[in-house]
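Contents: one structure, followed by commentary.
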Amino acid sequence: MASRNLYAACLYIPYYGIIDQNHYIFHYFYIVKMAGVQFYPIDVRMRTIGQRPVITLYGRTVSGERIAVTDSNYFPYFYVVPKQGVETIEQDLLKIRVKVNDEIHSIIKVEKKKVKIFENEKNVLKCYVNSAFGSSYLFDEIRKLNISGIYENDIPLITSYMIDRRLVPCTLTDVEGEITNPSSKLPVMRADLLVQGDEQIINPKVLAFDIEIYSPKEKSASSESDQVLMISFYSDNYKKTILWKEFKTDDKSIEFVKNEFELLTAFKRVIDEFQPDIITGYASDIYSFPYLKKRAEKYGLKFDIGVDRTIADISNSETSIKGIAHVDVYKFISKIMASKLESDTFRLEDVALELTGEGKKQIDIGQLPEVWDESGDLSPFCDYNMNDAYLTYKIFGKMFPFLIEYVKLTNLDIFDVSRGNFSQFTEAFLVKESKFSNELIPGKPTHYENKETLHSFPVIEPEQGVYNNIAVFDFKSLHPSIIATHNISVGTLKCSCCTENVPGEEIHFCSKNAGFIPKLTGNLIDRKERILEILKTGDKTFEQQTQLTARYDAITSIAGSIYGVFSLPYSRWYNLECSKSIASYGRYYLNYVVDKAKDEKFDVLYADDDLIFFRLGSKKPEQARKFLDELNASLPEKMNLEHEGLYPRGMFVASKTGKETRRRYALLSDNGVLKVRGLESSKRNFSTIARETQEKVLDLILKERKLRKALEYVQTVISDVEENKIPLRKMMIYTQLAREISSYETIAPHVAVAQKMQKQGFNVIPGSIIRYIVGKGEGSIAENSQLPNEVKEYNADYYVEHQIIPSVEKIFEAAGVNFRNALDEKEQSSLSEFI
DNA sequence: GCGGACTGCTTACCT
DNA sequence: ACAGGTAAGCAGTCCGCG
């Protein structure tokens with residue numbers, strides 16, 4: 001161990017929160033003669049010895065061995081705010097004893113602290129408790145004292161542990177302590193000191209897996225009767241497919257066992273031998289693990305695959321393995337990465353194609369049971385199974401940098417980050433920063449029935465039609481920049497020293513003392529800008545580039561969610577006045593830009609939220625840029641209006657009822673690329689044929705400017721549809737199944753198809769994207785909606801009347817043509833050829 | 001008993 | 001459990017007419 005660590009030890013001791021002051025000296029001497037190890041913590045757990053909490057960090061040492069590091073020097077605490085001086089209740093707190101099940105819970109130490117509550121300094125008492133779960137028993141007694149509040153009693157122990165100890169999961173950690181079981185397979189080190197120096201991130205051993213099941217067609221697959229046939233594993237330089245039916249093969253990665261029981265045993269064995277840091281599957285939380293568990297139960301087999309031989313905790317929604325971070329790739333992709341993907345579905349093959357450029361093997365997996373029963377050649381199915389594990393591994397590689405950035409911002413471990421959502425990340429980030437800033441963390445609201453709805457911004461409503469030379473500006477991170485600029489925070493609200501109101505509100509914020517959340521938000525904006533600067537300069541490896549991009553995205557999304565923290569009634573920092581003020585400032589700045597544009601004689605077409613469109617008219621692009629520069633100079637420092645683009649042509653298209661044109665437009669850029677928003681071609685629950693036709697029409701009208709050609713094109717498509725010339729794949733409609741099939745009141749087409757799929761043994765789960773084609777027949781659309789591989793003939797009338805015509809009608813209208821009339825006229829003589 | 005109008009459920013999109 | 005607003009398709013029901 002380098003001497004740096006001893007130095008660090010002295011520095012970091014104050015963060016220990018050790019109860020007994022004498023421990024400091026005791027520890028110092030210990031350190032000198034104790035062993036030191038460097039390791040990466042992967043999984044953090046809490047257990048109790050008696051009633052005392054012990055934190056265990058499972059991880060891997062720099063030399064590659066697994067290790068468990070325990071820390072029993074950390075105790076739960078909370079803060080008590082007295083009504084009068086802290087002395088008035090200090091002794092009373094220490095006297096409290098509550099006996100539950102023969103265990104006595106008490107406060108073992110009270111520290112006088114000066115902290116901040118919503119940015120205002122307060123004298124409080126920090127109370128340490130002798131037991132892991134004892135705090136809640138003490139509150140009844142504490143509330144009898146002369147106090148005004150209790151804080152941080154609802155922060156999980158592991159959360160405060162990681163923050164107080166300044167520990168980021170997956171980051172290189174120096175630990176000093178004693179190995180308590182030197183001969184064991186999993187060494188356990190009792191830590192006296194844990195310190196993280198430079199941010200060195202683990203290069204994890206990742207193992208991806210996938211399973212195949214015997215699921216005959218026309219029969220529902222059930223974990224009761226249908227066996228697991230094969231399991232594939234993939235990692236760097238590691239490939240293995242195990243199955244229990246022999247066939248001729250030279251493939252060394254294929255291993256045969258006798259039966260399903262042996263297959264399940266082999267599953268355990270592979271994990272034990274490989275020793276992954278991270279195990280990953282596609283929908284493994286909700287599908288693979290629960291299925292394996294149900295099958296294993298038949299044989300009384302337990303998955304004791306935890307690094308300490310404990311049994312994996314497999315529920316129907318989540319699987320957790322001690323010491324190994326289980327990541328369900330599907331969960332993180334569909335929740336966190338979804339907005340970055342263009343794919344309309346979250347099927348493994350689509351996601352893999354988009355993220356890695358690699359396609360899935362195309363075989364009919366439905367044939368597996370038949371070939372299996374006939375003892376035929378199973379190698380294509382083994383390939384298929386392995387390929388799924390391989391693609392899962394590849395996708396994990398793409399998302400890992402993003403996972404790590406959220407881990408670093410929140411101190412949550414990989415397991416939690418991979419299952420979290422944006423509001424959880426933002427709250428975890430604020431909890432961490434609160435502790436660093438000595439701000440007490442407000443409690444979770446217990447009731448929130450008085451939820452007021454906020455008014456959306458007024459917009460300049462666009463007129464439907466075709467326009468030339470449209471300039472588009474947008475505010476970059478408008479809400480975060482408002483929070484930072486105008487010091488929007490609970491503690492700065494209605495100060496006594498300032499008076500200037502928020503535009504349109506009888507509310508004001510302090511302009512002298514920077515608030516906790518505004519300072520943080522400002523920091524995030526600055527960091528983001530800095531990353532952007534670095535990204536612009538060259539000389540970076542691909543890995544650095546990826547990491548910086550991931551960091552930029554993570555910071556941007558957390559900054560963007562801070563507005564939500566004020567607006568969500570269940571948030572710890574919920575405050576309606578802050579929320580309303582941010583919205584009002586947003587409206588104010590948008591109006592400011594609109595007015596300035598009008599002053600400069602620009603014709604403003606559209607303004608919505610943080611976006612503004614205007615026509616250049618007779619002005620040159622340089623004049624628009626100059627206008628933007630001047631505007632930015634007049635805006636607050638952190639606020640930045642960006643030149644999103646200049647479009648030679650574009651159109652706003654009214655909704656079917658004609659009421660709405662906002663958020664429905666198409667823009668043609670200089671290089672001929674169409675940018676379409678809100679129209680059918682950007683909606684996945686419209687058929688491919690309708691989406692393609694609409695895009696082509698937009699292209700003909702905006703780019704080629706040929707109205708008649710556009711009309712003729714639609715006529716051709718319609719007759720092709722009617723003559724059954726269109727391939728079935730273009731008739732596909734995608735709709736997400738949002739919940740359990742049984743919980744639907746109305747059976748819409750996608751629900752009807754999902755029911756059929758379930759009967760056939762497909763794994764249909766909430767979140768699945770259902771693909772279907774509308775076929776011919778009596779009855780409702782739902783009754784005639786079919787699985788793509790089962791449909792015989794599509795319903796041409798339906799596609800013409802309900803898909804194609806509705807998606808082009810309003811576009812022609814915006815271009816000045818009544819589509820239905822023009823379609824009827826044989827000659828279309830009245831129609832001008834060009835627009 | 002029938003067909004159109006209306007209502008409610010549901011999904012998806014944009015900022 | 002990211003909000004909020006809006007569109008719009010389809011299922012299912014209501015309602016007026018006969």
Side-chain angles (χ1 to χ4, degrees), chain A residues 335-336 338-339 344-345 419-428 444-445 448 451-459 461-462 472 474-479 557-572 574 576 579-580 582-583 586-587 590 606-613 644 652-665 675-687 690-691 733-739 743-752 754 766-770 772 774 779-785 798 801-803 806-807 809-810:
Chain A
K335 279 158 93 171
I336 304 300
S339 60
D344 287 328
T345 79
R419 287 165 183 75
N421 55 42
F422 289 118
S423 62
Q424 283 169 293
F425 297 160
T426 307
E427 178 169 301
K444 283 199 170 125
Y448 33 81
K451 199 194 164 198
E452 223 179 280
T453 48
L454 298 166
H455 303 290
S456 78
F457 298 170
V459 270
E461 192 79 35
V472 178
D474 62 357
F475 277 106
K476 222 161 70 172
S477 300
L478 178 62
H479 292 150
S557 63
I558 286 189
S561 302
I562 290 178
Y563 172 46
V565 157
F566 289 126
S567 320
L568 302 176
Y570 46 80
S571 153
R572 293 175 186 272
Y574 172 69
L576 189 66
S579 171
K580 274 206 277 202
I582 297 164
R587 194 179 314 139
L590 188 69
Y606 174 45
D608 190 355
D609 210 39
D610 55 3
L611 189 67
I612 172 167
F613 287 39
E644 200 274 329
F652 289 98
V653 182
S655 64
K656 206 173 176 184
T657 55
K659 248 179 31 197
E660 185 83 63
T661 38
R662 72 201 273 233
R663 299 178 181 183
R664 289 178 59 84
Y665 58 85
K675 178 173 179 170
V676 184
R677 289 292 120 97
L679 305 184
E680 287 75 2
S681 59
S682 46
K683 296 175 78 165
R684 71 163 161 233
N685 59 353
F686 256 77
S687 61
R691 295 169 72 179
I733 296 168
Y734 301 89
T735 306
Q736 184 170 45
L737 188 76
R739 356 186 248 259
S743 69
Y744 281 92
E745 287 181 40
T746 33
I747 307 304
H750 73 291
V751 183
S768 296
I769 310 281
I770 308 297
Y772 65 90
V774 178
S780 68
I781 309 295
E783 286 164 54
N784 291 299
S785 294
Y798 171 81
E801 290 299 325
H802 294 268
Q803 295 274 325
S807 58
E809 205 174 8
K810 287 285 165 181

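Values reported hereafter were calculated over all heavy atoms of this structure, with side chains retained and with hydrogens, waters and symmetry mates removed. So you know, we letter chains A, B, ... as the sequences are listed, proteins then strands, and number each from 1. What you are looking at is a predicted structure, and each value in this text was computed from that prediction instead of being measured.
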Figure out the [atom1]/[atom2] separation between [X] and [N], and round it to whole Å.
X: I582(A); N: dC2(C); atom1: CD1; atom2: P; result: 18 Å
X: K656(A); N: dA8(C); atom1: NZ; atom2: P; result: 7 Å
X: K580(A); N: dG4(C); atom1: NZ; atom2: C1'; result: 16 Å
X: F422(A); N: dA1(C); atom1: CZ; atom2: C1'; result: 13 Å
X: E801(A); N: dA8(C); atom1: CD; atom2: C1'; result: 17 Å
X: E427(A); N: dA1(C); atom1: CD; atom2: C1'; result: 10 Å
X: N421(A); N: dA3(C); atom1: CG; atom2: C1'; result: 13 Å
X: I747(A); N: dT13(C); atom1: CD1; atom2: P; result: 12 Å

Practice task
Classify the angle between the aromatic ring planes of H750(A) and Y744(A) as parallel (below 30°), tilted (30 to 60°) or perpendicular (above 60°).
Solution key: perpendicular
Handout entry: Atom of L737(A), atom of A754(A) and distance for their closest heavy-atom approach
Key =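 Looking at all heavy atoms of both residues, the closest pair is CD1-CB, 4.0 Å.
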Handout entry: Least distance between heavy atoms, N784(A) atom then G779(A) atom
Key = ND2-O, 3.6 Å
Practice task
Inspect the contact between E644(A) and K476(A) and indicate whether a charged nitrogen and a carboxylate oxygen are less than 4.0 angstrom apart.
Solution key: no
Practice task
Taking only Lys NZ, Arg NE, NH1 and NH2, and the carboxylate oxygens of Asp or Glu, determine whether R572(A) and E427(A) approach each other closer than 4.0 Å.
Solution key: yes
Exercise for the section: Looking at every strand, decide which applies to F425(A) at a 4.0 Å heavy-atom threshold: base, sugar-phosphate, or nothing. Expected result: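 Nothing: the residue F425(A), judged by heavy atoms under 4.0 Å, touches no strand.
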Handout entry: Aromatic ring proximity Y606(A)/F652(A), centre distance under 6.0 Å
Key = yes
Problem - Close aromatic pair by centroid cut-off 6.0 Å: Y734(A) and F686(A) - result: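 When the ring centroids of Y734(A) and F686(A) are compared, they turn out to be at least 6.0 Å apart.
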Practice task
For dC2(C), take OP1 and OP2 only and decide whether either is under 4.0 Å from a side-chain N or O of Y574(A).
Solution key: no
Practice task
Give a yes/no answer on whether the side chain of S561(A) brings an N or O atom under 4.0 Å of OP1 or OP2 in dC2(C).
Solution key: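 For S561(A), the contact criterion (side-chain N or O under 4.0 Å from OP1 or OP2 of dC2(C)) is not met.
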Handout entry: Summary of protein contacts for nucleotides 9-15 of chain B, nucleotide by nucleotide, where a base hit scores B, a sugar-phosphate-only hit scores S (4.0 Å, heavy atoms)
Key = SSSSSBS
Problem - Span that lies between the P atom of dC2(C) and that of dC9(B), in whole angstrom - result: 24 Å
